[in-house]
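What follows is a single structure, written as structure tokens, with notes after it.
Every number for a ligand or one of its atoms is a count from 1 in the order of the listing. The basis for the numbers below is simple: all heavy atoms, side chains too, and nothing from hydrogens, waters or symmetry mates.
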Amino acid sequence: MQLIDGKAVADRIKQEIAQEVADICNAGGKRPHLAAVLVGHDGGSETYVAHKVKACEQCGFKSTLIRYENDVTEEELLRRVDELNNDPDIDGFIVQLPLPKHISEQKVIEAIDYRKDVDGFHPVNVGRMSIGLPCFVSATPAGIMELLARYNIETKGKHCVVLGRSNIVGKPVATLMMQKACPGNATVTVCHSATPNIKEICRTADIIIAALGSPEFVTADMVKEGAVIVDVGTTRVPDASKKSGFKLTGDVKFDEVAPRCSFITPVPGGVGPMTIVSLMRNTLLAGKKAIYQ
Ligand code: GUN
């Protein structure tokens, strides 16, 4: 069994990005600038955004954090999105999800200029990804594909089972895994809450991508000997022994599943760091106007 070290790969890619940014700036080019909009004080969102701001620093990007309280109106948020769309210094920006119930996430996502949508959530980017055109690919799916590539994991002709059908992970990663590309070219099955025989389907998988947000859902009896396991879960489970009061728990029962696998991602330190680094890569692409003018 080989552990997939997402943190080490992410650190290497951040160094590569930082070098490229230094070269751009030394040649008189513009330093990439990412803005992040954070509404409210959700613990998970606070942590993710703090990691994104820190990663910007490590990559040599400029970053701006824009905060609103939970009672911000949809109108006010949409006005800010419009300002960011029209600010020539901002290369890309994200609005951290989830948003409070009184704000339509879809409306906000569609208000973002797709040329600055470094999260890859806008329908233009989602659509272009699904037909294999250059676009901003959303960060978690892009990070997963990068890990598979860097570990030379064969995906062509393999049976890949994706657990979960979220717009952020399940759907896009299923799309990428079936794309005629490398990595990709897999036979993909997507399982979700209405799938009656998930265990049986998982047992036929060469690759399982678990992204349902259900702690330790994947157990040893669901995994074929030699399978590749990618764990996208990051649920905060109460743990009195931790200073924070919780531990991040994946969708895979790691201790019993790991011995059966050829490759497995840990939680934390697997997909998570790659997600952030994919956002950094999209920001660099936005800064260079490499995808859209
Ligand atoms: N919430 C959970 N993951 C993400 C992400 O990748 N981007 C944004 N904007 N919000 C999220």
Side-chain angles (χ1 to χ4, degrees), residues 6 10 13 34-56 61 63-68 70 72 74 77-78 80-81 84-85 90-101 103-126 129 135-147 164-173 175-176 209-214 230-236 248-251 267-268 270-286:
I13 297 174
L34 174 73
V37 179
L38 175 59
V39 179
H41 299 275
D42 171 77
S45 293
E46 291 264 7
T47 305
Y48 291 137
V49 170
H51 283 146
K52 290 170 186 178
V53 169
K54 184 171 171 221
C56 280
F61 298 165
S63 71
T64 300
L65 173 58
I66 299 159
R67 304 195 69 126
Y68 286 102
N70 255 313
V72 65
E74 185 178 274
L77 195 58
L78 289 171
R80 193 56 179 259
V81 165
L84 291 166
N85 283 340
I90 301 286
D91 297 297
F93 66 99
I94 64 158
V95 178
Q96 187 67 26
L97 305 179
L99 292 172
K101 295 254 179 301
I103 299 174
S104 161
E105 288 185 353
Q106 203 51 37
K107 219 174 189 178
V108 172
I109 288 168
E110 291 189 41
I112 297 171
D113 185 332
Y114 67 89
R115 293 166 296 186
K116 294 191 177 188
D117 168 41
V118 284
D119 255 335
F121 292 168
H122 190 283
V124 168
N125 283 311
V126 177
M129 181 198 64
C135 63
F136 294 120
V137 176
S138 61
T140 304
I144 293 169
M145 301 308 279
E146 185 73 30
L147 279 182
R165 56 176 158 186
S166 68
N167 289 343
I168 293 186
V169 186
K171 279 183 203 149
V173 84
T175 301
L176 292 171
I209 300 175
L212 21 66
S214 179
V230 177
D231 189 351
V232 188
T234 50
T235 307
R236 291 179 157 200
L248 275 190
T249 306
D251 287 350
V267 175
V271 174
M274 290 301 295
T275 295
I276 305 234
V277 101
S278 300
L279 174 67
M280 298 300 115
R281 179 171 277 160
N282 279 348
T283 304
L284 177 61
L285 291 171

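- Every residue two or more places apart in sequence or in another chain that forms a side chain to side chain contact (heavy atoms under 4.5 Å, CB included) with D117 is listed here: I112, D119, F121, H122, N125.
- Contact residues of ligand 1 (protein heavy atom closer than 4.0 angstrom to a ligand atom; sorted by chain and number): K52, V95, Q96, L97, D119, F121.
- Scanning all heavy atoms of the two residues, the minimum distance from H41 to N70 falls at N-ND2, 4.4 Å.
- Taking both residues in full, the closest heavy atoms of S214 and D251 are given as N-OD1, 2.9 Å, listed atom of the first, atom of the second, then distance.
- Considering all non-hydrogen atoms of both residues, I168 and S138 come closest at O-OG, 3.6 Å.
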Worksheet item: Going through the distances and angles, do T235 and T249 end up as a side chain to side chain donor-acceptor pair (under 3.5 Å)?
Response: CA-CA 5 Å; T235 307; T249 306; over 6 Å; no
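- Residue R115 holds its CZ atom at 10.5 Å from CZ of F136, rounded to the nearest 0.5 Å.
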